[in-house]
Structure formats: C-alpha cells, structure tokens
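A note on names: the letters A, B, ... follow the listed sequences, proteins ahead of strands, and every chain is numbered from 1.
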Amino acid sequence: MVKADASAVVDLLLRRSHGGDQQREEELRSLLTSAPFTASHLLQVIRSLPDADAALRFFDWCRSQDGSSVPSALALHGPSAYQAIFELANRQQGPRPPCARLKDLLDRSTEQGYALTLDSAVILVRAFGTAGLLEDVLRVVRSLKASLRRASICNGVLRLLFDANDSRYRAEAFALVREMLRSPHPRCRADSDTGSIVYSTLLRRNKLVDEEAVALVIEMAEHRIFPSDDAQLSQLINKLCWSRQTDGACNFLQAVRNAGGVVGASPWNSLLSGLSRVGDVQRMNILFAEMEEMGHHRNVVTFGIVINNLCKSRRIGDALQVLDNMTGGSSNSAEVVPDVVIFNTVIDGLCKARRLEEGLALLERMKKELRCTPNTVTYNTLIDGFCKAGEIDRAHGLLARMNDEEISPNVVTMNTLIDGMCRHGRVSSALEFFRGLQLDADVDVKGNAVTYSILIGAFLRVNNLNKAREMLEEMQNCGIRPDAITYFTMISGLSQAGKLDEALSVASTMEKDGYSLDTKSYNILIAGFCRKKRLDRARDLLDEMVGKGLNPDDVTFNTFIAALSKIKDFTSAHLLLEKMIERGYKPTAITCGALIHGYCRADDMNAAMDIFRSMDAAGVQPSTMIYNILIDYLSKKKEPVAALSLGDEMLGRGLLPTTVTYNALFRCLKEHHMLSEAFQLMDRMKEQNLRPDYITVEILSGWLPAVGEVAKLKTFIQEDDLPEGLEAEVC
DNA sequence: ATAGGGTTAG
C-alpha cells in the first residue's frame, strides 16, 4: 500500500503547471486516490498553501469532484479544511481586516453545512473577541456542537461577555454559565476558572448584584463551584447584603455549606452583620445559635457584631449582659475574650444612652480587671459622649488624660471636641482651639474636610456667613477638597439665610467637582426659593431635578403645598395634593398643617377646622405643631376659651403642649386678664419640666408684676441651673 | 468600634 503523501500534493499544487490544468488535475486525482487521504493530511496540505484564496480554490475543486471516484470523500473533511482555511485567513495581512474575511469564510462553511471544529471555534472566538465583535463570538459558540463547547473556550467567551459591561451580554454570559453547569459532557462543565470569572465579576466595584445573579451563584454553589476562599466568600456575602439581597446571601451561604464547601467564621460574620444592618434580629438569633452548633465558628468579631447590634438598637442592658457572659460573669469557660473593639462598642452604647459615668467606669474596668488597654477610639467615644452632653470641660479633661497615658489623639479627637464646643456656644473658642493645635509643634494632627465642615456649619448656624465663606476658602487654600457634606452644609446654610443665588452657585461648583445633587438638596433649594416667595424659581428647580431623573418626594410636595397655601392659592395647593396622592405619597400631618396654616393666615377658620376635623377620618394623626397653629390662631382671634379647650384636647390625645403652645395661650389669657387660668398653665409647665423661653418671660413680665404677682413670676422663671446659652459668645 | 450635612407646618 502506498502511503498517502501530503507533501507530494502540496508540491503539485504549488508547482507551475507544465502540461496545463487538465493534466494537473489528473495527477492530483491520482495522488489523492493512491491511498486513504485523512483529515489530517488535508489540514497539512491546506496549511502549506500560500493563502486562504488558494486554499479555497483547492477545496472547491475537491468539492467539485463530488461523484467522481475518490476525492469526494475529501469533502467530508470540510470541517478540517475550513479550520486550516481559518488559520490561513487569520494570519494573512491584506486590504481587509482578518475578521471580515473570517466572517465571510464562516458564512461559507455554514452554507456548505460544515460544523466547526474545536480549533476553528478557538480561532474565531479569539479573533472576533479581540476585535470586540461579540455578536459574532456568540454566533460561533451557538453554532458549535454542544459536546465541543469546552469549558476552556466558554470561559474565554465569558470573560469577553462580562468585560463588555452591557446588560445584554451579561444575560448571555449567565445563560452560558447555566448551560455549562448542566452540560452532560464532563469537559464542557463549569470549572474553577468559570467560578473565578463569575465571582470576580460580581465583586467588581460600582455594580450591585441582582436577583438573577443570586440565583446563578446559588446554582453554581450547588454544583460545587465555590468562591476561591473564605475571604472571597465573605466579600460576596457582604456585597449581596449591600445589594439588599440578604435572603439571597443566606441561601447562597447555605447552598455552599450543603454542597460541602468549607466555610470558616468570616462569611458567617459577614452575613450576621448584613442581617444586623437590615434589623433582622430574629434571623440574627437563629444564625448566632447555628454558628455555635457548627463548632468553632464564633469569634470575637461575631460577638462584636451582636453587641454592636444591641447597642445600636438601644438594648444596652442586653449588650452589657453579653459582655458579662464573655468575661466569665456566669461561666468560667468563656468562649471568646472581649477585645478593645468590643469594649469600645459598649462604651459608645453607654455614651449614646447618656450613661456617661457608666462608660467611664467601664473604661476603668477594662484596664484594671480585664487587662485590655484602651485606645484612641475608646477616648474619642467618651469625649464625644461628654461633648454631646455639653460637658465640654470634662471632654477636655479626657484629652489631657490621653496625653498622660500616651494615647495619641487623632483628627477624630480634635473634630469631636471642635464640634462639641461649637454646639455649646463656643464657636470662636473652637476655632482658636483648632488654630492652636495647628501651630503646636508637638501635635501633628491636621484638619480635614470634616473639621472644616463642622466649623462652616457652626458659623452658618450663628448666621456668620462671612466666616463660613472664609472657612471654605481657607480649606481650599490648604489643599483640602470640600466633600459632599461640606457642600451640602454650605448650600443648606445659605438657603436658610436667604442667599439663594449663592447657594445655587455653590451647588454648581459642587457638580463641577463631581458630586451630584439629590432630591434632598433640591428640596433645600426649593424651600429657600419658596420662603422668598419666588415660586417661579422653585418651579424651575423642580423641572431641573425631574430633568435629571430625580423624583420629587413627599417633602417636595409638602414644600410646594405650603408655599401655595401661604400665598392663598388654595386651588393649586389642592390640585398638588391630589397629584401627590396619585404619586403614592400619603398626606401627613405636615401636609395638613401646611393647608391649615394657610387657611388660618387667610382668616378662614372654617376651612382650617374642616381639614383639621377630617384628619382623623383620613387616618392622619394631628401633631403638636397643628395644635400650635390652631391655638395660636384662636389666641390672635381673641378666643381664649376655644384655645384652652384645644389645649386640653391635645392632652387627651397624648400630645404634650410645648413652650410655643403655652406662649400662645399666655398671650391670649393676658389680654383677657384670665389670671387663674394662667397660673394653672404655669403649674402644668413646671410639671412637664418645660422651661419658659424669652418669649414666655416677655409676656409674663409685662403682665404679672402689674397685677401684683411678682413673686409668682420670680419663682416661675428662676431655674435651678443657668439657662442655656448664657455663656454663649458673640461671633 | 469613634467625628461633620440636608428639605416640609408654629
């Protein structure tokens, strides 16, 4: 038997013909029939041809021999022939890009009814993928026989599809992964590469995970395609929780466990903190118990999460209980030993519950009994507690203690103190404190955007706009970029101060700086313009926000309804009210209050009372504010009896009158010389622990002494402690 | 585990 000789065929094909085409074809036929000519011979021949055109001519010739004795068999080797032709075309430089030629060739091979070989598919996917021709990549994969859709090639396709960052291609990728998971062909099944592609794609930044993705990863887990390690698993659980897929996170983690994936403590901790964030205490408890059953699956972080949850939901007693158990309060074999984070969490809980002394006591206990060294955070937490309670001096005392104990203060320490001082009437001391630290060579704490935001907010609150502007400029000069909060602080302060144009200009700077305004920011600006009765500008802003795809919310509606009521345009106000309801926002006490207030101002008591009395039926609880509006109005209308009776009515509803309520009533009672009623109210205020404010004092001072009741007045306004703000500085 | 912001009615 003569061995088939590919090189002889190549020689013949490449040689210039001497005896004409006829003779050459004869020679070729005889060469090809002299021995079995296999697919691999054919590959060898075609690969040796100079280009795809030559190869196509040869292969077409072979096909045209169909029916003649032997070469017809060659046509059966079409898939291999095209593979070699694709190789040639892919290598070839020419006027047309290789992809365009490859597409034509793929069309031809499809028309001729040839399937793709695995190698053809590899060549085409790579070429189309590199050129970004994803539709063609998909076409190649779809036309490839199921048994040839090997994991290796599919993984490449998955990378391309995910990299496109396009929802359509993402859906295609998900479908492909599903197919791989379910494939009956072992070499086509999803493998660890598939897993790492999918998992790392889902972990990419700025993309939330949707339900479809959750379903996919659960199916992957069921097929034992797990994240590479606990760290990646934890990250994924975290991401699922942040994407509001807490259920999905639970199901996924369970699926991993059920399929035999090894899971340490950290993924469970991630899930636990996800549950904590959405306030799902019930499932937290189940999980906490399950983690114990699973063996060594609770660590100090687990306890930290639970304690943090208890503290944030104001269950300090329970948090202390858990801490006690940890420190061997009830059993001597504590599961885990609390660390400084646990103590800090509990101390913060105590401080936020205004139990400062207990916080301090715990600081001592952790040092002495439990041999745990407090750190900067411990002190910062306590300093914040004392600042919020107005005990600025004790806060500074703690700072001094930090220095004694060589625990270095940081920027949070400084900012906490600055904020505390600012909020307790010491804005300029706060600024001096800040300046002092910046000059102090021993202190290397620098101000940051938070520092400046605090100071800017403080100056705005005391209406010192110039100083606020100065601070903004100073921070920029120092190379500290304002962040979103700095801008919001500025915008809000300026709006409140009626500097709307400046507020708008800050808003546009903010946008140039890459931050965007949200509905709340627009509400602030809209309210500012409404207060100035520039409803046209407010409307413009509404259009602007809608144009940006931001939906007006209930506050936006209430703002406009209030503004329209204020200018007595009740028709428009009611139209807007209907629109608000259409949009699915229920009117609240604020909505009703806005209308009631409008009608009172328009001196239409009937309309005001109609709305007021219709609230119960509408299921809207009247608020203290609404009573205040009505009582104030009745007082001005010189109707003390009606005003007093509303005052009683609110008590019956469990609403406590405020100083504002009492002031309105006092004003009215004074005019009608209803002294004994006033005394009753004064007693009630005392019982309620309400302090008279400067308006109360003004009204009563102009009345009681004139009717010989100075003593009564004095005992009433004399308070055991100094009125707040007495030591306030003028800035 | 700790620090700063914002809208609606008196």
- Task: Would you mind classifying the nucleic acid contact of A:T591 as base, sugar-phosphate or nothing, using non-hydrogen atoms under 4.0 angstrom?
- Result: nothing

- Task: Starting from P on B:dA9, measure out to CG on A:N558 and report it in whole angstrom.
- Result: 9 Å

- Which one, B:dT2, B:dA9, B:dA3, comes nearest to the side chain of A:I626? B:dA9

- Query: Taking NE2 from A:H424 and P from B:dA3, how many angstroms apart are they, rounded to a whole number?
  - Reply: 16 Å

- Before accepting this row, confirm whether a basic side-chain N of the pair A:D632/A:R667 lies closer than 4.0 Å to the acidic partner's carboxylate O. yes

- Between B:dG6, B:dG5, B:dT8, which nucleotide has the shortest distance from any of its atoms to the side chain of A:T559? B:dT8

- Query: Are A:F459 and A:Y452 an aromatic pair by the rule of ring centers under 6.0 Å?
  - Reply: no

- Query: Considering only B:dT2, B:dA9, B:dG5, which nucleotide approaches the side chain of A:F488 most closely?
  - Reply: B:dG5

- Would you state whether a donor and an acceptor, one from the side chain of A:N448 and one from the base of B:dA3, lie under 3.5 Å apart? yes

- Query: Once you round it to whole Å, what is the distance between C1' of B:dG10 and OH of A:Y627?
  - Reply: 15 Å

- Centroid-to-centroid, A:F303 to A:F288, below 6.0 Å? yes

- Query: For the side chain of A:N375 and the base of B:dA1, is some donor closer than 3.5 Å to an acceptor across the two?
  - Reply: yes

- Message: In this structure, how many angstroms lie between the P atom of B:dT7 and the CG atom of A:L517, rounded?
- Response: 15 Å

- Message: Does A:R653, at its CZ atom, have more than 12 non-hydrogen atoms belonging to other residues, nucleotides or ligands within less than 6.0 Å?
- Response: yes

- Item | Rounded distance (Å) that lies between atom C1' of B:dG10 and atom OH of A:Y599 | 19 Å

- Measure from the side-chain heavy atoms of A:D632 and tell me the nearest of B:dA1, B:dG4, B:dG10. B:dG10

- Message: Less than 6.0 angstrom from the centroid, inside 45 degrees of the normal: does A:R277 satisfy that with respect to the ring of A:W242?
- Response: yes

- Item | Closest nucleotide among B:dA1, B:dT2, B:dG10 to the A:T345 side chain | B:dA1

- Message: Considering every strand and a 4.0 Å limit on heavy-atom distances, what is the contact class for A:S453: base, sugar-phosphate, or nothing?
- Response: base

- Between A:F433 and A:H396, does the ring centre distance come in under 6.0 Å? yes

- Query: Nearest to the side chain of A:K520, which nucleotide is it out of B:dT7, B:dA9, B:dT2?
  - Reply: B:dT7

- Name the nucleic acid region contacted by A:S521, choosing base, sugar-phosphate or nothing; use a 4.0 angstrom heavy-atom cut-off, strictly under. base

- Task: For A:K636, report the nucleic acid contact type (base, sugar-phosphate, nothing); a contact means any heavy atom under 4.0 Å.
- Result: nothing

- Closest to the side chain of A:I590, out of B:dT8, B:dA3, B:dT7, is B:dT8

- Note on the structure: With the side chain defined as heavy atoms from C-beta on, A:T416 is closest, among B:dT7, B:dT2, B:dA3, to B:dA3

- Message: Whether the side chain of A:S635 engages the backbone of A:A664 through a donor-acceptor N/O pair (distance < 3.5 Å, no angle test) should be reported.
- Response: yes

- Message: Over all strands shown, is A:I454 touching base, sugar-phosphate only, or nothing at heavy-atom distances under 4.0 angstrom?
- Response: sugar-phosphate

- Message: Using whole Å, what does the distance between atom C1' of nucleotide B:dG4 and atom CZ of A:F459 come to?
- Response: 15 Å

- Message: By the 4.0 Å heavy-atom rule, please label A:D518 as base, sugar-phosphate, or nothing.
- Response: base

- Task: Select base, sugar-phosphate, or nothing to describe what A:S623 touches, counting heavy atoms under 4.0 Å on all strands.
- Result: base

- Let me know the distance between CG of A:D384 and C1' of B:dG4, rounded to the nearest Å. 11 Å

- Confirm from the modelled atom types if A:T489 and B:dG5 form a donor-acceptor pair under 3.5 Å, side chain to base only. no

- A:K352 side chain N/O closer than 4.0 Å to the phosphate oxygens (OP1, OP2) of B:dA1? no

- Message: Quick check: any donor-acceptor pair below 3.5 Å linking the side-chain of A:D483 to the base of B:dG4?
- Response: yes

- Interatomic distance where CE belongs to A:M545 and P belongs to B:dT8 [whole Å]: 14 Å

- Message: Given B:dA9, B:dT8, B:dG5, identify the nucleotide with an atom nearest to the side chain of A:R423.
- Response: B:dG5

- Check whether any side-chain nitrogen or oxygen of A:Q496 sits under 4.0 Å from OP1 or OP2 of B:dT7, and answer yes or no. yes

- Under 4.0 Å between any heavy atoms, over every strand shown, what does A:T624 touch: base, sugar-phosphate, or nothing? Just pick one. nothing

- How would you label the contact of A:K566 with the nucleic acid (heavy atoms, under 4.0 Å): base, sugar-phosphate, or nothing? nothing

- Query: Reckon A:R601 has a side-chain N or O less than 4.0 Å from the OP1 or OP2 of B:dG10?
  - Reply: yes

- cation_pi(A:R583, A:F557) dist<6.0 Å, angle<=45: no

- Message: Please classify the nucleic acid contact of A:A664 as base, sugar-phosphate, or nothing, using heavy-atom distances under 4.0 Å.
- Response: nothing

- Task: Looking at every strand, decide which applies to A:D554 at a 4.0 Å heavy-atom threshold: base, sugar-phosphate, or nothing.
- Result: nothing

